[in-house]
Number of protein chains: 2
Amino acid sequence: MGSAKTEIFNQQQNEIASLAKVLAHPARVAILQYLFKTNACVCGDIVDEIGLAQATISQHLKELKQVGLIKGNVEGTSVCYCIHPENWKKMKSLLHEFLDLDLAQNSCCS
Amino acid sequence: MGSAKTEIFNQQQNEIASLAKVLAHPARVAILQYLFKTNACVCGDIVDEIGLAQATISQHLKELKQVGLIKGNVEGTSVCYCIHPENWKKMKSLLHEFLDLDLAQNSCCS
DNA sequence: TATATTAATCGTACTTTTACGATTAATAAG
DNA sequence: CTTATTAATCGTAAAAGTACGATTAATATA
């Protein structure tokens with residue numbers, strides 16, 4: 001039905017999925033990398049850096065902001081974006097916890 | 001248009017997005033966690049463990065198999081699944097590389 | 001005040017994802 | 001050979017995601 005049955009999963013599973021979902025588009029990955037690279041906050045340069053329409057970038061920025069990975073400051077007519085350090089760290093630890101699950105020494109599927 | 005403009009992004013960005021996309025559903029997160037937990041490979045138990053229809057689970061398993069995170073062995077009338085250790089490690093290092101980008105000591109957005 | 005600039009939002013078209021019942025294919029058991 | 005079991009695939013409905021032009025809102029400048 002196009003929408004996941006989140007009720008049947010626990011909070012951690014849904015959180016991991018939500019965070020992964022926001023990383024599941026190359027444009028958003030590129031935006032985050034660009035924000036890390038420029039360090040100083042950036043606004044509409046993102047539109048120039050990435051080759052997508054202004055409306056599309058704005059939409060992606062909204063999603064990144066909604067999960068809390070970035071924050072934006074209004075500066076005159078433009079808006080300055082940057083990584084949200086605390087929330088980035090939270091995401092990191094949540095994903096690390098999942099990614100670092102122990103691999104079985106022997107798997108039955110050879 | 002529903003499909004991402006992958007041409008305008010580099011390979012790393014597209015790979016990160018692809019891997020994130022497969023983790024972007026709680027059912028697939030739950031399946032992976034269950035495979036880690038059971039260690040020994042599992043087949044249709046996954047359908048019982050998670051409360052989704054057999055066809056839906058089969059679809060999710062297909063996606064996990066397509067990105068290489070799991071593999072399946074036919075055993076009689078049932079199929080045994082497990083984590084693909086090498087590919088899991090590859091995904092881990094790719095995502096770690098991205099997640100561990102350095103945070104700026106001072107961000108201009110206060 | 002009028003005009004320019006910047007970014008968010010609206011409306012829309014199209015694609016992909018999610019979910020499930022029904023069917024099919026393959027193997028095991030009688 | 002027939003029947004049961006298991007899982008993949010098909011078909012389909014509904015929801016969500018992607019992208020962009022056009023519009024709107026807010027601020028800066030002349």
Side-chain angles (χ1 to χ4, degrees), chain A residues 1-9 13-14 17-31 34-35 41-67 70-82 108-109, chain B residues 1-9 13-14 17-31 34-35 41-67 70-82 108-109:
Chain A
M1 296 171 175
S3 67
K5 280 191 160 181
T6 51
E7 331 86 58
I8 66 172
F9 303 102
Q13 290 162 339
N14 283 313
S18 297
L19 287 170
K21 185 176 281 183
V22 90
L23 302 180
H25 194 293
R28 291 192 290 268
V29 171
I31 290 173
Y34 187 62
L35 288 181
C41 300
V42 196
C43 45
D45 307 307
I46 301 171
V47 176
D48 299 332
E49 171 73 10
I50 305 180
L52 290 172
Q54 182 263 321
T56 308
I57 294 292
S58 205
Q59 224 171 240
H60 284 306
L61 287 170
K62 192 180 177 185
E63 289 181 71
L64 288 167
K65 207 168 14 174
Q66 270 171 352
V67 292
I70 65 171
K71 48 185 174 178
N73 260 12
V74 176
E75 289 188 354
T77 68
S78 54
V79 177
C80 173
Y81 283 101
C82 66
C108 65
C109 324
Chain B
M1 292 167 178
S3 67
K5 279 192 161 182
T6 52
E7 332 85 58
I8 67 172
F9 303 101
Q13 291 162 339
N14 282 314
S18 297
L19 287 170
K21 185 175 280 182
V22 89
L23 302 180
H25 194 292
R28 291 191 290 269
V29 171
I31 289 173
Y34 187 62
L35 289 180
C41 300
V42 195
C43 45
D45 307 306
I46 301 171
V47 177
D48 300 331
E49 172 72 11
I50 305 181
L52 290 172
Q54 182 264 321
T56 307
I57 295 292
S58 205
Q59 225 171 239
H60 285 305
L61 288 170
K62 192 181 177 183
E63 288 179 71
L64 288 167
K65 207 167 17 173
Q66 268 169 352
V67 291
I70 64 170
K71 49 185 176 179
N73 260 12
V74 177
E75 289 188 355
T77 68
S78 55
V79 177
C80 172
Y81 284 101
C82 64
C108 66
C109 323

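Proteins come first, then strands; the chains are lettered A, B, ... in the order of their sequence lines, and each starts at number 1.
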[atom1]/[X] to [atom2]/[Y] distance, rounded to the nearest 0.5 angstrom?
X       : Y       : atom1 : atom2 : value
B:Asn14 : B:Glu7  : CG    : CD    : 9.0 Å
B:Lys5  : A:Ile50 : NZ    : CD1   : 12.5 Å
A:His25 : A:Thr56 : NE2   : OG1   : 9.0 Å
B:Cys80 : B:Lys71 : SG    : NZ    : 10.5 Å
B:Leu52 : A:Phe9  : CG    : CZ    : 4.5 Å
A:Leu23 : A:Ser18 : CG    : OG    : 11.0 Å

Under 3.5 Å, which donor-acceptor pairs do the side chains of residues 57-64 of chain B form with other protein atoms, sequence neighbours left out?
unit_1	atom_1	unit_2	atom_2	d
B:His60	ND1	B:Arg28	NH1	2.9
B:Glu63	OE1	B:Arg28	NH1	3.4
B:Glu63	OE2	B:Arg28	NH1	3.2

Looking only at the side chain of B:Val79 (C-beta and beyond, no hydrogens), which of the listed nucleotides D:dA19, D:dT9, D:dA7 gets closest?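 From the listed options, D:dA7 comes nearest.
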Partners meeting side-chain contact (heavy atoms from CB on, under 4.5 Å) with A:Val79 (sequence neighbours left out):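 Partners of A:Val79 by the side-chain contact (heavy atoms from CB on, under 4.5 Å) criterion, ordered by chain and then number, come out as A:Val74, A:Tyr81.
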Can you list the residues that meet the side-chain contact (heavy atoms from CB on, under 4.5 Å) rule with B:Leu19, with sequence neighbours excluded?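 side-chain contact (heavy atoms from CB on, under 4.5 Å) list for B:Leu19, sorted by chain: B:Met91, B:Leu94.
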Give the rounded distance in Å between these two atoms: [atom1] of [X] and [atom2] of [N].
X       : N      : atom1 : atom2 : value
B:Leu64 : D:dA7  : CG    : P     : 16 Å
A:Asp45 : C:dT5  : CG    : P     : 16 Å
A:Lys62 : C:dC10 : NZ    : C1'   : 10 Å

Residue-level proximity of residues 50-61 of chain A to DNA chain C when a heavy atom falls under 4.0 Å: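 The answer is A:Gln54, A:Ala55, A:Ser58.
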Examine D:dC20: is either OP1 or OP2 under 4.0 Å from a nitrogen or oxygen in the side chain of B:Lys5? Give yes or no.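 For B:Lys5, the contact criterion (side-chain N or O under 4.0 Å from OP1 or OP2 of D:dC20) is met.
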Counting only side-chain N and O atoms of B:Tyr81, is one of them less than 4.0 Å from OP1 or OP2 of D:dA8?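 The answer is yes; a side-chain N or O of B:Tyr81 sits under 4.0 Å from OP1 or OP2.
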Pick the nucleotide of DNA chain D nearest each of A:Ala4 and B:Val47; which residue has the one closer to the 5' end?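 Nearest nucleotide further toward 5': that of B:Val47.
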Quick check on contacts: within residues 20-30 of chain A, what sits under 4.0 Å from DNA chain D by heavy-atom distance?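 Output list: A:Lys21, A:His25, A:Arg28.
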Quick one: closest heavy-atom pair of A:Lys65 and A:Gly72, and the distance?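 For A:Lys65 versus A:Gly72, the nearest heavy atoms are CD-N, 4.4 Å.
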Starting at the 5' end of nucleotides 25-30 of chain C, put B wherever the base has a protein heavy atom under 4.0 Å, S where only the sugar-phosphate does, and a dash everywhere else. --BS--
